[in-house]
2 protein chains.
Amino acid sequence: MNAPVSSPALTKNQTLVFDVLDRSEAPMSAYTILDKLRDHGFRAPLQVYRALDKLTEFGMVHRLESLNAFVACAHRESSCCGAGHGHGTVAFAICESCSQVMEFHDHAVDHRLGDWAKSKGFKPSKTTIEIRGLCQTCAA
Amino acid sequence: MNAPVSSPALTKNQTLVFDVLDRSEAPMSAYTILDKLRDHGFRAPLQVYRALDKLTEFGMVHRLESLNAFVACAHRESSCCGAGHGHGTVAFAICESCSQVMEFHDHAVDHRLGDWAKSKGFKPSKTTIEIRGLCQTCAA
DNA sequence: GCAATTGATGTAATAACATTACATTTCAAA
DNA sequence: TTTGAAATGTAATGTTATTACATCAATTGC
């Protein structure tokens, strides 16, 4: 047991895309990723989008909706709330100055939004929480 | 007193764009709005984007980041938390079947995210909360 | 072994969303 | 009445994402 929850062996393209994202300090757009991978034979956006779709499905990559960009999941195997990836809603704090992204969970927030949904009969499929602003360093 | 908090008289284009959004059941993209306003002399996307920028600034329109689309603010003058627009973070529940959007506040969520930010020294400027899923009717 | 199916890939073209740059107009305040 | 700020008009371009279709590779069932 304790095998990766939802990360089957990655294909070549998925590995390339994940590695680029994982090594990046900042979120990257699909086209920026494409440019980084031209040397590895990537020629078209679809190659990137397809890999991103799968990686997102596996929970290894997150899409930042307010940026139209992507980040590698910051949670390593088996974090706080259950084994590995596949946890509840993830929230992001995005620094508009240095582009650093902090990823976090908040059970209370999850729970509260869940309660709201339940009270309205709304069935959530995906929840986005993104805080834009200035990180401690940049705000100083 | 009790004058609108942040809604100076709208210009012609702002009024046209707001009216289209306000009458719509569903969120609209900038280009959809443009098409609706061709009869009124709109020719270019920028006319729409400029109006949307101002309306968003006034708090009369919200951008749905996960849809790249816009909705008129559902809160009428002087809602629960302070006078009119200009309240805290607004959250959205977006039905992926019928496109209906529910707008709501949750002080507890606001507060919780605010506390997280404070604990990290992060200074929020704008917070996005969007729940995608199925509304009660469509989930049935 | 070998068709049949399924998932991944390659490529081109196009669609959808958004901004830059620059010229012109409007209108209220000095 | 000038003048300065905001709004507008228009064209061109930049950025993000998808559709369509052909090919390739691995697995499965026979």
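Model, not experiment: these values are computed from the prediction. Hydrogens, waters and symmetry mates are skipped; everything else that's a heavy atom, side chains included, is used. Each chain gets a letter, A, B and so on, in the order its sequence line appears, and its residues count up from 1.
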>> Rounded to whole Å, please give me the gap between NE2 in B/His40 and C1' in D/dG9.
In response: 18 Å
> Does B/Thr11 make a side-chain N or O approach to OP1 or OP2 of D/dT8 shorter than 4.0 Å?
Replying inline: yes
> Checking A/Asp110 side chain against A/Thr89 main chain: does a donor-acceptor pair fall under 3.5 Å?
Replying inline: yes
> Out of C/dC17, D/dG9, C/dT9, which has the shortest distance to the side chain of B/Tyr31?
Replying inline: C/dC17
> Side-chain N or O of B/Asn13 less than 4.0 angstrom from OP1 or OP2 on D/dA7?
Replying inline: no
> In whole angstroms, how far is the P atom of C/dG7 from the NZ atom of A/Lys54?
Replying inline: 8 Å
> Whole Å only: how far is the CG atom of B/Leu10 from the P atom of D/dA6?
Replying inline: 17 Å
> If you check every side-chain atom of A/Arg43, which of C/dC17, D/dT8, C/dT11 has the closest atom?
Replying inline: C/dT11
> For the pair made of CG in A/Leu52 and C1' in D/dA17, what is the distance, rounded to whole Å?
Replying inline: 11 Å
> Parallel, tilted or perpendicular: which describes the rings of B/Trp116 and B/Phe122, with under 30° parallel and over 60° perpendicular?
Replying inline: tilted
> Can you find a side chain N or O atom of A/Arg50 that sits less than 4.0 Å from OP1 or OP2 on C/dT11?
Replying inline: no
>> Within the 4.5 Å heavy-atom criterion, are A/Asn13 and A/Lys54 side-chain neighbours or not?
In response: no
> Rounding to a whole Å, what distance do you find between A/Phe18:CZ and C/dA8:P?
Replying inline: 17 Å
>> By nearest atom, which of the nucleotides C/dT11, D/dT8, C/dA18 is closest to the B/Pro45 side chain?
In response: C/dA18
> Step by step, would you call B/Glu65 with A/Thr128 a side chain to side chain donor-acceptor pair (under 3.5 Å)?
Replying inline: CA-CA 9 Å; B/Glu65 301 288 355; A/Thr128 297; over 6 Å; no
>> Quick check: on DNA chain C, is the nucleotide nearest B/Ala30 upstream (toward 5') of the one nearest A/Phe42, or the reverse? Name the residue that is more 5'.
In response: A/Phe42
>> Just the rounded figure in Å: distance from P of C/dA18 to CG of B/Asp53.
In response: 10 Å
>> Which label fits A/Tyr49 and A/Tyr31: parallel for a plane angle under 30°, tilted from 30 to 60°, or perpendicular past 60°?
In response: perpendicular
> B/Tyr49 has an atom OH; how far is it from atom C1' of D/dT16, in whole Å?
Replying inline: 11 Å
>> So if I take every side-chain heavy atom of B/Asn68 and compare against C/dC17, D/dG9, D/dA17, which nucleotide ends up nearest?
In response: C/dC17
> Does B/Gln47 place a side-chain N or O at less than 4.0 Å from the phosphate oxygens OP1/OP2 of D/dG9?
Replying inline: yes
>> I want to verify a distance call: between D/dT10, D/dG9, C/dT11, whose nearest atom is closest to the B/Leu46 side chain?
In response: D/dT10
> What is the distance, rounded to the nearest whole Å, between atom CG of B/Leu16 and atom C1' of D/dG9?
Replying inline: 15 Å
